[in-house]
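To start, the structure under review is shown below, and the notes come after it.
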Amino acid sequence: MAGTGHRSTRSSSSSGAGLLRNIFSYRIFVSSMFTLLFLATLSIIFTTNHDSVLLPSSTTSPSLNNYYHNNYIHRTFLALKSDPLKTRFDFLHKQANDHIALVNAYGSYARRLKLDNSKQLRVFEELSQNFTSLITRPSYKVSLFDTEQPIDEDVLRTFEKEVKDKVKIARQLISDAKESFDNQLKIQKLKDTIFAVNEQLNKAKKHGAFSSLIAAKSIPKSLHCLAMRLVGEKIAHPEKYMDDGVKLEFENPSLYHYAIFSDNVIAASVVVNSAISNADEPWKHVFHVVTDRMNLAAMQVWFKMRPPQGSAHVEVKAIEDYEFLNSSYVPVLRQLESANLQKFYFENRAENATKDANNMKFRNPKYLSMLNHLRFYLPEMYPKLHQILFLDDDVVVQKDLTGLWKIDMNGKVNAAVETCFGSFHRYAQYMNFSHPLIREKFNPKACAWAYGMNFFDLDAWRHEKSTEEYHYWQNLNENRALWKLGTLPPGLITFYSTTKPLDKSWHVLGLGYNPSISMDEISNAAVIHYNGNMKPWLDIAMNQFRPLWTKYVDYEMEYVQMCNFGL
């Protein structure tokens with residue numbers, strides 16, 4: 001048993017040794033075959049004829065191209081083997097060939113476009129010829145292309161300099177040509193330019209609108225001077241300017257009554273002067289001027305010192321004289337006491353205005369003034385009157401207006417000139433029609449009308465309970481969800497179905513913002529309105545329209561002269 005085990009071990013050892021010998025023999029055989037194959041390949045490459053080099057040409061035959069290609073490969077091996085400068089030369093040669101192809105492509109594209117600028121096309125062709133002549137120049141051909149000797153470094157340096165100079169010219173020419181040929185590049189550059197200009201335009205609009213608002217709502221020095229002089233006159237001579245009390249004419253319904261609500265002395269005087277100057281019977285005209293407590297003295301002194309001509313009648317009162325105008329009755333006054341509305345107006349107001357130029361005008365503090373909301377309380381202010389004509393303080397009367405009292409109102413409350421044309425000045429522009437209450441009650445395409453010259457039938461007003469209607473909607477709009485601030489939107493709502501359209505010749509608007517209004521249209525108008533920021537008493541007024549207003553300014557009044565108004 002022991003002997004058997006010994007034989008088995010010896011047999012196993014001999015078979016393992018045989019296996020190792022077989023593996024080593026196989027590896028030697030494979031290595032020998034790869035060595036022979038590599039030597040054969042080198043022999044074929046080194047014995048290939050290499051008398052020519054690749055020369056780019058559009059007319060080269062396929063067989064010749066194959067020849068040049070084989071020659072190029074052969075030279076590459078030789079360069080790696082024998083001369084490191086050949087690698088540098090081959091790189092320059094390839095770079096020249098690539099730019100020849102690129103220049104030829106742009107030249108071909110220029111020919112297809114039939115460019116009017118033939119000079120550019122000639123430059124492309126000349127540059128291509130220069131590249132070709134460079135690599136086929138006899139001196140370079142002998143020293144660089146058709147030699148197996150080591151390359152002369154000085155010749156290669158000269159060749160390199162010429163190639164790089166021409167490559168630089170080619171790249172500059174192609175860069176310039178892209179602006180003419182690459183439509184996508186041109187379109188993108190145009191889009192970028194439009195975007196940048198649009199951004200600048202939006203910024204300029206915001207700053208311009210804000211600057212215009214400041215200029216429009218600031219009090220000119222001359223107007224401030226005039227008010228102070230008039231107040232000083234009353235303080236110096238109080239006995240001259242005692243209130244005469246209520247006159248019979250102020251409550252006589254058979255006369256022609258006007259309502260003017262203003263804190264601007266010179267503007268109110270122009271409205272009165274222009275209306276009287278063009279009235280056929282001025283003694284039948286009564287003007288109810290209402291201002292705030294701050295400007296009451298100045299208004300009283302003005303109309304005492306400069307009484308209206310033609311025996312017309314002027315009543316001057318302050319808002320505070322109407323005791324029913326308090327926060328318990330007037331929704332606007334109650335809302336103005338709220339913290340939210342005060343925050344809307346006074347917290348970072350300048351910053352908010354520049355961020356939102358479209359809504360900037362609604363942050364104007366003039367909307368805090370009760371003078372703008374008095375127009376909704378005319379029946380209570382003048383309980384004995386049947387009709388009254390409301391005029392803004394930035395209008396000029398050019399014709400006799402008594403014809404308005406002869407219009408058949410047909411039970412309507414308000415007579416006004418409509419301002420819509422096309423899709424402009426429709427109800428949708430003034431109210432929030434995404435709100436269900438507005439959407440349910442009003443037509444977004446209904447035509448809007450203008451405040452500034454409005455004839456009101458006070459009896460119809462009382463019958464329709466228009467003030468109560470106004471209060472209802474104003475209370476709903478406490479959070480400004482139905483419309484933004486102002487008096488026109490609630491006016492459009494209050495008199496939605498009770499407004500009678502007037503002929504447009506009664507009231508022409510836009511002299512405070514629209515320079516394209518024709519003079520014929522203006523001359524035919526009974527009332528012209530300087531609505532907009534460019535008021536005629538400001539330096540920013542439009543010069544072509546200013547004389548229509550200044551002709552009614554009383555420049556003979558001593559305080560107007562002392563304050564250099566209009567200079």
Side-chain angles (χ1 to χ4, degrees), residues 186-221 223 264 341-369 372 392 394 419-434 444 448-452 477 479-492 508-518 521-522 528-546 549:
K186 288 164 63 177
I187 292 172
Q188 188 58 48
K189 290 180 70 174
L190 183 59
K191 286 182 178 179
D192 293 341
T193 302
I194 292 173
F195 179 79
V197 171
N198 193 51
E199 285 291 302
Q200 294 177 353
L201 178 62
N202 289 335
K203 289 181 180 179
K205 281 183 176 180
K206 290 180 180 180
H207 290 292
F210 189 59
S211 300
S212 177
L213 182 67
I214 293 174
K217 306 311 173 187
S218 300
I219 300 175
K221 182 179 179 180
L223 284 183
N264 186 327
L341 198 60
Q342 291 177 9
K343 179 180 178 181
F344 177 78
Y345 277 111
F346 299 113
E347 184 175 308
N348 298 327
R349 186 164 55 84
E351 179 184 352
N352 290 337
T354 55
K355 285 182 179 178
D356 190 0
N358 293 328
N359 297 333
M360 180 172 56
K361 65 179 181 179
F362 298 110
R363 295 179 182 272
N364 190 334
K366 78 174 185 178
Y367 295 116
L368 295 174
S369 173
N372 284 287
D392 268 343
D394 56 352
T419 57
C420 61
F421 58 94
S423 61
F424 296 98
H425 295 288
R426 303 283 178 174
Y427 268 52
Q429 293 181 278
Y430 298 96
M431 287 168 275
N432 178 19
F433 274 87
S434 63
W449 42 265
Y451 260 138
N477 195 48
N479 294 324
R480 301 179 300 281
L482 306 184
W483 69 85
K484 296 173 184 176
L485 297 179
T487 53
L488 181 56
L492 295 175
V508 171
L509 299 98
L511 279 73
Y513 70 90
N514 183 7
S516 63
I517 303 174
S518 70
E521 186 179 2
I522 291 173
I528 55 175
H529 194 172
Y530 291 83
N531 58 312
N533 286 337
M534 300 179 185
K535 303 299 184 187
W537 54 83
L538 300 175
D539 291 336
I540 61 174
M542 287 183 277
N543 292 328
Q544 68 269 36
F545 301 143
R546 189 199 293 266
W549 184 84

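Since this is a predicted model, take the numbers as computed values, not measurements.
Under the 3.5 Å distance criterion, the side-chain polar atoms of E199 are left unmatched by any main-chain donor or acceptor of A196. Between the side chain of R546 and the backbone N or O of L538, at least one donor-acceptor pair lies under 3.5 Å. Between the side chain of D392 and the backbone N or O of D394 there is no donor-acceptor pair closer than 3.5 Å.
N198 contributes atom CG, which lies 14.5 Å from atom NZ of K191 (distance to the nearest 0.5 angstrom). Going from atom NE2 of H425 over to atom CG of L509 covers 8.5 Å, rounded to the nearest 0.5 Å. The CD1 atom of I522 lies 13.5 Å from the NE2 atom of H529; values are rounded to the nearest 0.5 Å. With values rounded to the nearest 0.5 angstrom, Y430 atom OH is found 15.0 Å from W483 atom CH2. Between atom NZ of residue K535 and atom CE of residue M542 there is a gap of 10.5 Å, rounded to the nearest 0.5 Å. In this structure, the separation between CG on N533 and CD1 on I540 is 6.0 Å, given to the nearest 0.5 Å.
Of all non-hydrogen atoms in A481 and N432, the two that sit nearest each other are O-ND2, 2.9 Å. When all heavy atoms of A541 and P536 are compared, the pair lying nearest together is CB-CA, 3.7 Å. Counting all heavy atoms, side chain and backbone alike, T487 lies closest to N372 at CG2-O, 2.9 Å. The two residues G486 and P489 have their closest heavy-atom pair at C-CD, 4.2 Å. For the residue pair G510 and N531, the shortest heavy atom distance occurs at N-OD1, 2.6 Å.
Remark: L201 CG is packed, more than 12 non-hydrogen atoms of other residues, nucleotides or ligands lying under 6.0 Å away.
With sequence neighbours excluded, no residue satisfies side chain to side chain donor-acceptor pair (under 3.5 Å) with Y427.
Using the six-membered ring where Trp is involved, W449 and Y451 have ring planes that are perpendicular, over 60° apart on the 30 and 60° scheme.
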side-chain contact (heavy atoms from CB on, under 4.5 Å) between F545 and I517, intermediate numbers included: CA-CA 10 Å; F545 301 143; I517 303 174; 4.2 Å; yes
Q429/F424 under side-chain contact (heavy atoms from CB on, under 4.5 Å): CA gap, chis, key distance, verdict: CA-CA 8 Å; Q429 293 181 278; F424 296 98; 4.3 Å; yes
